[in-house]
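Count residues from 1 along the sequence. Keep in mind the model is a prediction, meaning the values are calculated, not measured.
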Amino acid sequence: MPKRTLTAAFAIALVATSANAQSMCATRDTMVGQLSSKYGESPQGSGLNSTTKMLEIWASPATGTWTILVTDPNGTSCIMAAGKDWYNFPAEIAKVGAPA
């Protein structure tokens, strides 16, 4: 799947999931502490959106839980979506442009 199509598909899935989820917000330190200690999650990837907010994906391959966290420049983080059954792709599949 081309990168642009993959990005669009992810964005649509995120909006659909976010519409059904209640956003919970706190300081980034508080959120990171909870994701780490309560769920055993660790950062899997991150990026900046067009409004300078940082989007992070946190997950635990051991428990299968995952969380999409968005942090604004002031340090407030909000959970945009969360779920279970997280799966890490093998490195050779995760490479950009590699066939799935």
Under a 4.5 Å cut-off applied to non-hydrogen side-chain atoms, are [X] and [Y] in contact?
X	Y	result
Val32	Trp58	yes
Leu69	Leu55	no
Met54	Arg28	yes
Trp86	Gln44	yes

Kindly list each side-chain donor-acceptor pair under 3.5 angstrom involving residues 70-81, sequence neighbours excluded, with atom names and distances?
{"residue": "Thr71", "atom": "OG1", "partner": "Ser77", "partner atom": "OG", "Å": "2.6"}
{"residue": "Asp72", "atom": "OD1", "partner": "Asn74", "partner atom": "N", "Å": "2.9"}
{"residue": "Asp72", "atom": "OD1", "partner": "Gly75", "partner atom": "N", "Å": "3.1"}
{"residue": "Asp72", "atom": "OD1", "partner": "Thr76", "partner atom": "N", "Å": "3.0"}

Interatomic distance, Tyr39 atom OH to Thr63 atom OG1 [nearest 0.5 angstrom]: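 Output value for this atom pair is 10.0 Å.
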Distance from Leu35 atom CG to Thr67 atom OG1, nearest 0.5 Å?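 Reported value, rounded in 0.5 Å steps: 4.5 Å.
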Step by step, would you call Thr65 with Glu41 a side-chain contact (heavy atoms from CB on, under 4.5 Å)? CA-CA 7 Å; Thr65 62; Glu41 294 181 4; 2.7 Å; yes
For Glu56 and Ser46, which heavy atoms make the closest approach, and how far apart are they?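 Closest approach of Glu56 to Ser46: CG-CB, 3.8 Å.
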Step by step, work out the side chain to side chain donor-acceptor pair (under 3.5 Å) result for Gln34 and Ser36. CA-CA 5 Å; Gln34 287 291 312; Ser36 297; over 6 Å; no
